[in-house]
Amino acid sequence: MNANSGTIGRWQGAGLMATTLLGTGVFILPQITIEKAHSGALVAWLLLTLAIIPVALVFGRLASVFPHAAGPAYFVEKAFGRTAGRTIGLIFLLVVPIGAPAAILMTFQFVNALIPLEGWAKVGCEILVILGLFLLNLRGIQVSAKLQFGLTLCIVAVVVLLFGATSVQPGQLTSLASHGMPQMSTVMVAAGIAFWSFLGIEAMTHLADDFRRPQQDMIPAMMMGTMLVGVIYVACTFLILLVPTDQSVAMIGVFDELLGGYGAQVIGVLGIASGLATVNVYAASAARLIWSFSCDGILPRFFAVKNNHGVPIRALAALLSVMASVMVLTYLTGQQLEHLIAWSNGVFVIIYLMAMLAAAKLLPKQNLPLVILGCGFCFALGIALGASMAYVLVLIIVAAPFLWWQKTHISRKQSLLIPD
């Protein structure tokens, strides 16, 4: 494997991490969790932020020691063999064309706050967005990293500004407390929804080769990004609880109430940009995984081509074309957004769990407490998702036998070519 020439620094990496996690949900998910658990949403976000820290640390340590374009698939292959690793990589590829369109659909809720779109006009705009992502990536991920670092600073600035404009009255806190202790069942439901916000930790590991100093910068970048995101989500949840609003996007109403207007413009633009940033990082990381699989002979050699900026151009074009096709099919079939999200979550639970188990074999034993905590987190989420885990189980049942047959077939052909 030829490593890319690293161009991303620690702060740019933190910006990529933060905007990937903030993504489509930064100004939407808090209000959904409040609808499920009211003040218990604060507890859900706090618990989820604490629970994701061991997972982020393990991914950061794996990526800093074993930087590779295949990310979790490479870690699992080193720990459990080629078939297991390539199965993880393949199910990741199969979920991105579903998860990324789901993220675009969520992003267009902000678009509708600015410009109402319906029917094929909306689908056409979604396709144009995908084309824009292709053009943005032509010069490499470092261009996106710089833009997304600036976007992260803008989101933090808006949240800080809103907090500065808030005057917390004792009566407001009393009103929140009057709901009593939140029930753990509703807190878990809210946490299950909030998990969507932390999908993206593993995507950063695909970009380890794009860091100038992955061993020094990967873990700090991932931890800074993760903690910053947790704080922002808790802050947004608190703001919505303090400032009730009738707006369809609650944060727009909070902005209008506290700062006197232009909420649709400011929150809408930031929400759109952040959502597209999430899709952008997934497209870039998945394209590198396709390129890696092509180099290893799992996928056709056609995809093992990079442009002058080190971008796997054919892999990126193929991936975005599939995403565009899924967008059209989703519209034609009337597929529910919630189904796409739930199926995506199930796949990522398995990817996270297998990466934690790989870390138990690959990393020094002092990392075992973090690995155990990460595994516990994955098992809890798997139980919460329930029937939605069926999608990933079907993917594994189909992918694993095919990849095992492919490995056996190639080994048999190679043995026939070797003379006795």
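Quick note: residue numbers are just sequence positions, from 1.
Side-chain atoms of Ser197 come within 3.5 Å of backbone N or O of Ala194 as a donor-acceptor pair. Put simply, the side chain of Ser64 gets close to the backbone of Gly60: a donor and an acceptor are under 3.5 Å apart.
Every residue two or more places apart in sequence or in another chain was checked for a ring-ring contact (aromatic ring centres under 6.0 Å, His included) with Phe303, and none qualifies. Not a single side chain to side chain donor-acceptor pair (under 3.5 Å) links Ser344 to another residue, sequence neighbours left out. Scored by the side-chain contact (heavy atoms from CB on, under 4.5 Å) test, Leu133 finds Val279, Asn280 as partners (sequence neighbours excluded). For Ala264, the side-chain contact (heavy atoms from CB on, under 4.5 Å) test picks out Leu114, Ile252, with sequence neighbours left out. Contacts of Lys122 classified as side-chain contact (heavy atoms from CB on, under 4.5 Å), with partners at least two apart in sequence or in another chain: Phe108, Asn112, Leu117, Glu126. With sequence neighbours left out, the ring-ring contact (aromatic ring centres under 6.0 Å, His included) criterion links Phe255 to no other residue. For Glu257, the side-chain contact (heavy atoms from CB on, under 4.5 Å) criterion is met by Val243, not counting sequence neighbours.
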- Message: I'd like to know whether Cys125 forms a side-chain contact (heavy atoms from CB on, under 4.5 Å) with Val129, so could you lay out the CA-CA distance, the side-chain angles of the two residues, the decisive distance to 0.1 Å, and finally the verdict.
- Response: CA-CA 6 Å; Cys125 289; Val129 163; 5.7 Å; no
- Worked check of side-chain contact (heavy atoms from CB on, under 4.5 Å) between Val95 and Trp343: CA-CA 8 Å; Val95 78; Trp343 296 340; over 6 Å; no
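The two atoms that bring Pro312 and Ala287 nearest to each other are CG-O, 3.7 Å, heavy atoms only. Summarising the geometry of Val159 relative to Ala235, their closest heavy-atom pair is CG1-CB, 3.7 Å, with the distance given to 0.1 Å. Heavy-atom minimum distance, Thr49 versus Ile53: O-CG1, 3.3 Å. When all heavy atoms of Thr33 and Pro30 are compared, the pair lying nearest together is OG1-O, 2.7 Å. Of all the heavy atoms in Ile267 and Met251, the pair that sits closest is CG1-O, 3.9 Å. For Leu105 against Met327, the heavy-atom pair with the smallest separation is CD2-CE, 3.7 Å.
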Do any side-chain atoms of residues 349-377 form donor-acceptor pairs under 3.5 angstrom with protein atoms, and if so which ones, sequence neighbours left out?
residue: Tyr352; atom: OH; partner: Phe198; partner atom: O; Å: 3.3
residue: Tyr352; atom: OH; partner: Glu202; partner atom: OE1; Å: 2.7
residue: Lys361; atom: NZ; partner: Ala79; partner atom: O; Å: 2.9
residue: Asn367; atom: OD1; partner: Arg61; partner atom: NH1; Å: 2.3
residue: Asn367; atom: ND2; partner: Pro364; partner atom: O; Å: 3.1

Would you mind writing out the side-chain donor-acceptor pairs for residues 314-321 within the sub-3.5 Å range, not counting sequence neighbours?
residue: Arg314; atom: NH1; partner: Phe302; partner atom: O; Å: 3.1
residue: Ser321; atom: OG; partner: Ala317; partner atom: O; Å: 2.7

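Looking at Trp45 and Thr237, their side chains do bring a donor and an acceptor atom within 3.5 Å of each other.
A distance of 8.0 Å separates CG of Leu395 from CG of Leu90, quoted to the nearest 0.5 Å. Remark: Ile104 CD1 to Ile127 CD1 distance equals 8.0 Å, nearest 0.5 Å. For the atom pair CD of Glu77 and OG1 of Thr87, the computed distance is 10.0 Å after rounding to the nearest 0.5 Å. A distance of 7.0 Å separates CZ in Arg288 from NZ in Lys306, rounded to the nearest 0.5 Å. Going from atom SG of Cys236 over to atom CG of Leu162 covers 8.0 Å, rounded to the nearest 0.5 Å. Atoms CD and OG1, from Gln31 and Thr245 in turn, are 9.0 Å apart once rounded to the nearest 0.5 Å.
Shown here is Leu50, whose CG atom has more than 12 heavy atoms of other residues, nucleotides or ligands within 6.0 Å. Shown here is Met227, whose CE atom has no more than 12 heavy atoms of other residues, nucleotides or ligands within 6.0 Å.
Tyr74 has its side chain out of reach of Leu62: every pair of non-hydrogen atoms, C-beta onward, lies at least 4.5 Å apart. Residues Pro72 and Phe92 are not in side-chain contact: their nearest non-hydrogen atoms beyond the backbone lie 4.5 Å or more apart. Side-chain contact between Leu241 and His38: present, with at least one pair of heavy atoms (C-beta onward) separated by less than 4.5 Å. A 4.5 Å side-chain heavy-atom check between Val58 and Pro54 finds every atom pair outside the cut-off.
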